Amino acid sequence: MNKKLELIKAEALREIESSKDENSLNKIYKKHFKELSSIFSQMGTLSPEEKKVIGVKANEIKQAITISFENKKKNFTKKDKTNSEFFDITIPGKKTKVGHLHPITQAINEAENIFRGMGFSIVEGPELEDEWHNFDALNFPEDHPAREMQDTFFVKNEPKKRLLMRTHTSPVQIRYMLDNKPPYRIIVPGRVFRNEATDASHEVNFHQIEGLMVDKEISVANFKAVIEEFCREFFNRDVKIRLRPSFFPFTEPSFEVDMSCSECKGKGCSLCSQTGWLEILGAGIVHPSVFKNSGVDPKKWQGFAFGLGWDRWVMLKYKINDIRLFYNGDLRFLNQF
Ligand code: PHE
């Protein structure tokens with residue numbers, strides 16, 4: 001029994017010492033503890049003298065193994081800790097992805113700079129508008145079909161207090177004139193909404209840039225000069241402009257403005273449907289009723305207003321053939337800007 005104890009001790013200490021991790025150390029300890037227990041249980045068969053000697057020895061060995069086990073265990077936990085705290089300063093850092101402004105926004109910033117150069121201020125208005133600012137004040141009669149052409153999303157459907165997602169940036173003309181005294185020289189970039197069947201050139205949500213210039217003697221000639229200069233700077237080339245008669249309730253006379261085709265320079269191609277011209281905005285001379293609704297005396301003041309479909313301008317500038325690319329968040333598209 002004495003020999004057996006010596007054997008257990010030697011083996012246990014050796015195995016504990018060479019154990020590689022905490023798991024195997026625990027197993028080794030359990031195994032030898034079991035062996036020792038069986039020795040203790042066999043002690044009933046010994047004579048009283050033998051019992052004394054073996055008992056003392058067995059207890060000493062049990063203690064030695066336990067101490068060795070505890071020491072080794074401490075060693076492991078210390079090592080684990082230092083491992084988790086170890087920080088390798090030579091590993092290259094993780095790069096944070098930095099986004100950038102959307103191409104529409106970048107182009108709006110560019111447009112703002114050009115108009116600022118011509119003395120215009122930048123003004124904004126709410127996207128959720130009331131019916132009065134969006135239609136009534138702009139001289140749309142209550143049952144006029146033009147309201148239907150600009151069908152949109154109505155949010156609060158109470159008569160006379162209806163809220164809607166604005167169909168154009170023109171209501172900001174009213175808001176600005178009510179709050180400020182003429183003369184005016186502003187542009188209003190912003191998001192607008194319509195109930196559209198979506199396709200390559202129509203979206204339910206798109207952008208416009210509104211313009212308003214009012215003074216004592218402002219004419220269509222001033223309008224043409226401003227728009228020509230803007231086109232020249234934005235598209236970075238010489239352009240021709242032509243006006244065609246059109247209708248808007250809030251301007252009189254009204255016109256559609258065409259620009260000589262950026263693709264074929266006026267010769268005729270598929271982009272301009274062989275006409276040599278691209279329709280780029282709606283405009284006109286501010287209607288007297290609009291001035292009246294905004295607290296401005298139409299006998300003293302006159303001016304022009306225009307509205308650019310901004311997505312189309314950006315599409316023309318960068319030869320983008322589908323408006324939906326602006327809104328589907330595809331990084332393969334957005335990263336090109
Ligand atoms: N608001 C008009 C539209 O969305 C454009 C426009 C603005 C026309 C200003 C004339 C004057 O179609």
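In listed order, ligands and their atoms are each counted from 1. This one's a predicted model, so the numbers in the text were calculated from it and none came from an experiment.
- The residue among Gly309, Gly307, Gly211, Gly284 with a heavy atom at the shortest distance from atom 5 (C) of ligand 1 is Gly307.
- Ligand 1 lies less than 4.0 angstrom from a heavy atom belonging to Phe250.
- Rounding to the nearest 0.5 Å places CD of Glu263 at 9.0 Å from SG of Cys272.
- Against a heavy-atom cut-off of under 4.0 Å, Gln208 is close to the following atoms of ligand 1: 3 (C), 4 (O).
- Salt-bridge annotation for Arg166 and Glu129: absent, with no side-chain N of the basic residue lying under 4.0 Å from a carboxylate O of the acidic one.
- Partner His32 forms a side chain to side chain donor-acceptor pair (under 3.5 Å) with one of Lys27, Lys62, Glu11, Glu15 and no other, that one being Glu15.
- Between Arg232 and Glu229, at least one side-chain nitrogen of the basic residue sits less than 4.0 Å from a carboxylate oxygen of the acidic one, meeting the salt-bridge criterion.
- Comment: Arg332 engages Asp330 in a salt bridge, judged by a side-chain N to carboxylate O separation of less than 4.0 angstrom.
- In this structure, Leu5 is a member of the same hydrophobic cluster as Phe69, with clusters built from ILVMFWY side-chain heavy atoms closer than 4.5 Å.
- Short contacts between ligand 1 and Gly282, defined as distances under 4.0 Å to a heavy atom of the residue, involve ligand atoms 6 (C), 8 (C), 10 (C).
- Residue contact check: Ala283 has heavy atoms under 4.0 Å from atoms 8 (C), 10 (C), 11 (C) of ligand 1.
- Contacts with ligand 1 closer than 4.0 Å are made by side-chain heavy atoms of Ser170 only, the backbone lying farther away.
- For ligand 1 and Phe306, the ligand atoms under 4.0 Å from any heavy atom of the residue are 7 (C), 9 (C), 11 (C).
- Close approach to Arg194 involves these atoms of ligand 1, each under 4.0 Å from a residue heavy atom: 3 (C), 4 (O), 12 (O).
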